Student: 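Got a structure for you, written out below as structure tokens; questions coming shortly.
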Amino acid sequence: MTSNTLFTLSRLGYFALALLLGGWFVGQGISGEYTLLFSLLWIVPLLLPAKGVFQGNPYTYAWASFILCLYMLHGLTLLYVTTDAFAFALIEVLLIGVLLIAFPFYARIRGRELGLGLKKKSKE
């Protein structure tokens with residue numbers, strides 16, 4: 001896969017996840033299951049890397065995977081606990097699973113294209 005393909009896949013997946021979770025939590029807030037403030041605060045960590053994700057910054061892709069792990073835990077817990085939101089939880093887990101593979105691969109491939117990476121220790 002090229003970095004352009006991974007970039008497009010990652011960007012679309014991230015946008016879909018933000019819309020999915022935003023709609024879900026705002027809907028839960030409006031229905032009264034959660035407070036609206038809690039629902040909005042739950043979305044904030046997902047939006048932190050938005051600028052770097054859409055610009056294609058490899059460093060952002062590398063650390064944004066850690067934030068996705070929080071939402072993966074949410075989806076897996078929801079799969080286990082409830083039957084009402086099974087379809088939502090399954091879509092969330094599958095989408096995050098794809099992003100947890102695409103984000104690090106994009107960061108690695110794009111980082112190599114840009115010449116970024118850890119410097120090797122010189123033998124002195």
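Every value quoted in this text rests on a predicted model; they were computed, and no experiment measured them.
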Student: Identify, with sequence neighbours excluded, every residue that meets side-chain contact (heavy atoms from CB on, under 4.5 Å) alongside Pro45.
Tutor: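 Expected list: Ile67, Tyr71.
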Student: For the residue pair Tyr59 and Trp63, what are the closest heavy atoms and their distance?
Tutor: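 The pair with the smallest heavy-atom distance is O-CD1, 2.9 Å.
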Student: Please check if the number of heavy atoms outside Phe66 that lie under 6.0 Å from its CZ is greater than 12.
Tutor: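 Not more than 12 within 6.0 Å, no.
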Student: Could you measure the distance from the CG atom of Asn57 to the NZ atom of Lys51? Nearest 0.5 Å is fine.
Tutor: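 That separation rounds to 9.5 Å.
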Student: Once rounded to the nearest 0.5 Å, what's the spacing between atom CD1 of Ile91 and atom CG of Leu17?
Tutor: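 Reported to 0.5 Å precision, the distance equals 11.5 Å.
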Student: Looking at every heavy atom in both Leu21 and Glu92, which two are closest together, and how far apart are they?
Tutor: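 Looking at all heavy atoms of both residues, the shortest contact is CD2-OE2, 3.4 Å.
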Student: What distance do His74 atom NE2 and Cys69 atom SG have between them, rounded to the nearest 0.5 Å?
Tutor: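 The distance works out to 15.0 Å.
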Student: Cluster question for you: counting only ILVMFWY and a side-chain heavy-atom cut-off of under 4.5 Å, with indirect links fine, are Val93 and Leu19 together?
Tutor: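 Yes, same cluster.
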Student: Could you measure the distance from the CG atom of Leu12 to the CZ atom of Phe15? Nearest 0.5 Å is fine.
Tutor: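 With rounding to 0.5 Å, CG (Leu12) is 9.0 Å from CZ (Phe15).
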Student: Would you be so kind as to tabulate the donor-acceptor pairs closer than 3.5 Å made by side chains of residues 103-114, with sequence neighbours excluded?
Tutor:
unit_1 : atom_1 : unit_2 : atom_2 : d
Tyr106 : OH     : Gly56  : O      : 2.9
Arg110 : NH1    : Glu113 : OE1    : 2.8
Glu113 : OE1    : Ser3   : OG     : 3.0
Glu113 : OE2    : Ser3   : OG     : 3.0

Student: Could I get the full list of side-chain contact (heavy atoms from CB on, under 4.5 Å) partners for Leu41, not counting sequence neighbours?
Tutor: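 For Leu41 the side-chain contact (heavy atoms from CB on, under 4.5 Å) partners, ignoring immediate neighbours, are Leu37.
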Student: State whether the number of non-hydrogen atoms from other residues, nucleotides or ligands found under 6.0 Å of Phe54 atom CZ is greater than 12.
Tutor: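 Enclosed.
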Student: Please name all residues satisfying side-chain contact (heavy atoms from CB on, under 4.5 Å) with Ser31, sequence neighbours left out, ordered by chain then number.
Tutor: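 side-chain contact (heavy atoms from CB on, under 4.5 Å) check on Ser31 returns Gln28, Glu33.
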Student: About how many Å separate CG of Leu6 and CD1 of Ile101, when rounded to the nearest 0.5 Å?
Tutor: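 Reported to 0.5 Å precision, the distance equals 11.0 Å.
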Student: If I take atom OH from residue Tyr14 and atom CG from residue Leu95, how far apart are they, to the nearest 0.5 angstrom?
Tutor: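 One finds 12.0 Å between OH of Tyr14 and CG of Leu95.
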Student: Going by the ring pair (Phe, Tyr, Trp, His ring centres under 6.0 Å) test, which pairs reach into residues 79-100, not counting sequence neighbours?
Tutor: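 Pairs touching residues 79-100 that pass the test: Trp24-Phe88.
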Student: Phe7 versus Val53: any side-chain heavy-atom pair under 4.5 Å?
Tutor: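 No, every pair of side-chain atoms sits at 4.5 Å or beyond.
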Student: Count I, L, V, M, F, W, Y as connected when their side-chain heavy atoms are under 4.5 Å apart, and connections chain through other members. Are Leu48 and Leu73 then in the same cluster?
Tutor: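 Result: no, two separate clusters.
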Student: Treating Thr82 as the side-chain partner and Leu78 as the backbone partner, does any N or O pair qualify as donor plus acceptor under 3.5 Å?
Tutor: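 No.
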Student: Identify, with sequence neighbours excluded, every residue that meets side-chain contact (heavy atoms from CB on, under 4.5 Å) alongside Leu94.
Tutor: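 Once residues adjacent in sequence are excluded, the partners of Leu94 under the side-chain contact (heavy atoms from CB on, under 4.5 Å) criterion are Leu90.
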Student: In the structure I gave you, are the side-chain heavy atoms of Leu68 and Leu46 within less than 4.5 Å of one another anywhere?
Tutor: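 Of all side-chain heavy-atom pairs linking Leu46 with Leu68, at least one is under 4.5 Å.
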